[in-house]
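Remarks on the structure that follows.
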Amino acid sequence: MSLQSPTRGDAETDGLADVFYPLYRLLFDDSSDFVDDLEGKLTEARMADTVEIYISRALGTGTILGGVLWIVGSLLGYGLFRFGVLTPDMLSLGIPVSSSQMAAFLRSLVVPVTVGLAGIVFGSIGFTIGFGGLVGLPYMWAGERKRNINILLPDAISFMYALSVGGLNQLEILRAMAEAEDTYDEIAREFQSIVNETENFGTDYRNAIRKQSLETPSEPLAQFLTDMMSIVNSGGDMESFLKDKKDAHMRTAKQQQEMTLETLELFGEMYMTLSLFPLLLVIILVIMGMLGNADERLLYGTIYLLIPLIGVAFLVLVSTVKQDDPGDGYLRPKGSSDRLRESTNKGLTHLGLVEGFVGRFRVFDRIKSGEREHRIKGILKAPHLFFRDHPLFTLALTVPAALLVVGVAVGAGWAPLSVQAWIDRPVWSSFIWAYVPIYLVCIPLAVFYEWNVYTRNAITGKLSTNLRKLSSANDTGQTLLDSIITVADTSSGKLADEFEVMYAKVNYGISLREAFVEFNNKYHLPRLARTIKLITEAQEASSEITDVLRTAAQASENTDDIERERISRTRMQVAIILMTYLTLLGVMAILQTQFIDVMAGLTDQASGSGGGAASGGQEFGGGVNPDLLSLLFFHAVSIQAVLAGLIAGYIRTAKITSGVKFVVILQTIALAVWVVVG
């Protein structure tokens with residue numbers, strides 16, 4: 001059976017590339033560094049297009065998009081003059097002229113030159129986006145593949161070492177690695193290329209390894225393949241080689257984690273500085289407003305534009321460094337039974353084994369209908385368990401509920417609709433329009449998401465310890481199945497319960513491999529999937545897999561060490577972000593109570609002594625409304641609470657959803673403070 005090597009793109013030429021191929025020949029040299037580098041990236045990204053066709057297509061895309069934006073830019077420039085937004089007198093380079101005729105001539109050139117420049121600028125932007133964006137795709141995909149490979153490489157080498165210990169030869173290890181795409185993703189695809197070269201093209205596997213070492217985007221994998229080729233050529237001990245590489249790459253993984261955490265610490269310090277910048281700007285604008293020189297639009301722009309932009313930019317910056325665990329955690333072994341294949345389908349509407357028989361006989365249609373009713377009744381009977389397993393589905397109920405509550409509030413006249421009503425009641429208006437929907441949506445999501453994380457972590461929490469116990473039990477001569485029930489009887493917790501379930505399934509006729517896979521797919525954790533994959537592959541070769549289990553335990557312990565270090569170090573980053581927010585909130589509250597309110601009171605006294613009729617809600621100091629400032633300050637701290645919460649959660653676990661609980665907590669603190677000061 002040959003393995004397919006997935007590629008991106010289409011190797012066949014298309015009409016657009018054919019049309020612009022002469023332009024490619026005119027502009028580019030086949031031996032240029034740019035073409036050579038892009039060709040390498042196309043290979044690393046597994047894109048099937050030749051570099052000539054790809055650049056030709058990029059030139060065509062850039063030219064078309066540039067032409068469209070050139071027309072848009074020219075029309076926009078003409079429209080600015082046509083509708084009086086700009087006039088020729090507004091634009092001048094200050095060129096000295098000696099006669100009125102020359103001045104009139106230069107003035108007559110303003111409109112066509114401006115329109116032409118607008119077209120050129122927009123056209124250049126369009127060409128850059130079209131051509132540059134398409135050319136940048138191979139670099140982006142190659143970089144993503146490189147990142148994926150580097151993260152999984154230590155576990156992949158542990159997997160190969162375990163197979164070697166289990167008695168598999170070099171070619172069998174290569175094939176097993178190539179078939180492990182459900183677990184090792186891009187690394188498996190690299191080995192698929194090696195297997196395809198040997199099986200479909202008759203290439204010696206040594207040359208196939210050498211070729212792949214030159215084409216992989218990952219330098220560590222390239223070095224590993226090169227070293228492996230040396231062992232193969234010299235007839236060295238593959239098992240010892242893989243053991244040494246496993247240990248070395250585990251140390252490298254820890255060092256890489258250390259570098260990532262140090263970078264996140266630097267980002268935390270950057271965030272502390274950047275997030276306080278809007279606060280300083282707001283203070284400056286308020287003081288300028290007291291002097292009568294402030295532009296109110298700058299204050300709006302700072303709060304509703306600058307603060308969100310800084311938060312989103314920082315979130316994107318962190319995402320370039322923060323590493324999540326690749327894969328979806330599901331195992332899909334080849335050659336599995338219909339029952340296992342159907343049960344591994346993770347679609348919510350998939351009804352399991354019966355899906356494979358629907359349409360053959362009417363009885364299966366009735367069984368499917370009954371299964372659907374059974375599932376619906378199960379969800380209605382225990383909805384909390386359903387939402388625990390699928391936290392995001394709470395949005396299907398909470399979002400409509402939030403919209404309904406806001407709609408009822410508007411209909412009943414509780415929700416302010418005018419700008420002045422918002423200014424008069426800043427806390428209440430924000431509470432109805434923003435805080436109530438956020439609470440209704442985020443609180444259930446946060447509760448069920450954290451419950452889901454706790455449930456899944458209960459499995460991995462004792463995984464290393466139980467793997468060590470399995471190894472010790474197997475070392476005494478027990479089979480893997482007997483070792484499982486021994487560990488289940490001598491251990492506690494959810495993992496021990498799952499071991500008992502697996503033992504019972506095997507006694508009722510299910511193979512041990514299928515029992516392992518079903519257990520993994522129930523929790524679908526990428527880390528657990530790699531461990532189960534290692535065990536199931538090894539136990540098919542022999543029931544005496546003590547060394548394999550010991551290797552799995554060591555890999556799991558290494559992951560535990562990295563995870564503990566990550567939690568410890570990111571806890572400090574989260575504390576920095578939260579303390580920065582609380583500092584911003586405190587300064588805003590002090591500014592509101594000790595400065596704005598005091599100045600408004602002094603202005604009232606001055607107006608009263610002068611016989612004026614001003615009130616506390618009037619503008620003071622040349623144009624600053626204290627009630628408006630209270631609303632704007634409250635919105636500033638509320639927006640910052642959402643962003644700080646999401647960033648804290650993302651730094652913690654590389655998942656945006658984990659920040660929802662921080663959003664709820666920070667929003668509550670902001671609301672409580674402003675109830676007092678606002």
Side-chain angles (χ1 to χ4, degrees), residues 3-11 32-55 57-58 132-160 174 177-198 201 203 205-230 245 248-250 252-253 255-257 259-260 263 319-328 526 530 654:
L3 295 167
Q4 296 299 321
S5 179
T7 56
R8 294 182 174 97
D10 187 355
S32 66
D33 292 338
F34 171 74
V35 173
D36 184 64
D37 188 48
L38 181 59
E39 185 176 20
K41 291 301 177 183
L42 287 170
T43 302
E44 293 176 2
R46 305 179 76 83
M47 300 176 70
D49 290 305
T50 63
V51 65
E52 296 89 352
I53 296 301
Y54 193 83
I55 295 180
R57 186 184 300 120
L134 204 57
V135 167
L137 280 179
Y139 290 86
M140 182 182 68
W141 283 340
E144 183 64 24
R145 294 193 68 240
K146 174 182 177 181
R147 175 175 169 274
N148 185 296
I149 291 171
N150 290 344
I151 293 174
L152 293 177
L153 186 56
D155 289 308
I157 296 176
S158 297
F159 177 68
M160 287 186 281
L174 293 177
M177 193 68 237
E179 292 178 346
E181 186 177 346
D182 55 350
T183 310
Y184 295 104
D185 201 17
E186 296 295 345
I187 295 182
R189 294 190 178 99
E190 298 294 283
F191 281 86
Q192 286 174 12
S193 298
I194 296 175
V195 174
N196 281 337
E197 286 285 333
T198 58
F201 300 101
T203 306
Y205 79 95
R206 296 175 179 85
N207 293 327
I209 293 174
R210 179 186 297 109
K211 180 174 181 289
Q212 195 59 36
S213 68
L214 299 175
E215 294 181 351
T216 181
S218 170
E219 181 61 31
L221 179 58
Q223 186 62 49
F224 171 78
L225 293 175
T226 302
D227 295 341
M228 175 187 281
M229 185 176 59
S230 300
K245 283 293 182 180
H249 280 275
M250 283 184 176
T252 301
Q255 295 170 358
Q256 183 63 42
Q257 176 77 1
M259 294 174 57
T260 300
T263 304
S319 69
T320 62
V321 176
K322 189 69 175 176
Q323 295 180 347
D324 55 353
D325 208 356
D328 58 7
R530 293 192 288 270

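In what follows, residues are counted from 1 in the order of the sequence shown.
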Indicate yes or no: at least one non-hydrogen side-chain atom of M229 is less than 4.5 angstrom from one of L225.
-> no
If every non-hydrogen atom of A45 is compared with every non-hydrogen atom of P138, which pair is closest and at what distance?
-> CB-O, 3.7 Å
K245, NZ atom: more than 12 neighbouring heavy atoms under 6.0 Å | yes
In Å, rounded to the nearest 0.5 Å, how long is the span from CZ of R145 to OG of S218?
-> 9.5 Å
Should M250 and S158 count as side-chain neighbours, where that means a heavy-atom distance under 4.5 Å?
-> yes
Going by heavy atoms in the side chains, are I209 and Y205 under 4.5 Å from each other?
-> yes
Quick one: do R57 and D49 make a salt bridge, cutoff under 4.0 Å?
-> yes
Test: K41 and D37 ion pair at under 4.0 Å = no
Point-to-point distance, once rounded to the nearest 0.5 Å, from CG of D33 to CG of L38 | 12.5 Å
F34/I55 under side chain to side chain contact (heavy atoms under 4.5 Å, CB included): CA gap, chis, key distance, verdict = CA-CA 11 Å; F34 171 74; I55 295 180; 3.9 Å; yes
Hey, does H249 have a side-chain heavy atom less than 4.5 Å from the side chain of P220?
-> yes
In Å, rounded to the nearest 0.5 Å, how long is the span from CZ of F224 to CD1 of I149?
-> 12.5 Å
Indicate yes or no: at least one non-hydrogen side-chain atom of M160 is less than 4.5 angstrom from one of F191.
-> yes
Check L174 against V195 and note the closest heavy-atom contact, atom names and distance.
-> O-CG2, 4.0 Å
Those residues at least two apart in sequence (or on a different chain) that pass side-chain contact (heavy atoms from CB on, under 4.5 Å) with A253 are P154, I562
Take E44 and K146 through the salt bridge (charged side-chain N to carboxylate O under 4.0 Å, His left out) test and state the conclusion after the steps.
-> CA-CA 9 Å; E44 293 176 2; K146 174 182 177 181; over 6 Å; no
Can you tell me how far CZ of R189 sits from CE of M177, rounded to the nearest 0.5 angstrom?
-> 11.5 Å
Taking all non-hydrogen atoms of both residues, which atom of A222 and which atom of S213 are closest, and how far apart?
-> CB-O, 3.2 Å
Does one side chain, of Y184 or N148, offer a donor that lies under 3.5 Å from an acceptor on the other?
-> no
Atom of A58, atom of L134 and distance for their closest heavy-atom approach = CA-CD2, 3.4 Å
Check whether any side-chain heavy atom of L137 lies under 4.5 Å from a side-chain heavy atom of M140, and answer yes or no.
-> yes
Between L152 and R530, what is the shortest heavy-atom contact and its length?
-> CD2-NH1, 3.3 Å
Between E190 and T216, do the side chains contain an N or O donor and an N or O acceptor separated by less than 3.5 Å?
-> yes
How long is the gap from CD on E186 to CG on N150, to the nearest 0.5 Å?
-> 11.5 Å
Mind checking the CG-CD1 spacing from L42 to I53? Nearest 0.5 Å is all I need.
-> 11.5 Å
Do R210 and N207 have side-chain N/O donor and acceptor atoms under 3.5 Å apart?
-> yes
Quick one: do the Q192 and N196 side chains pair a donor with an acceptor below 3.5 Å?
-> no
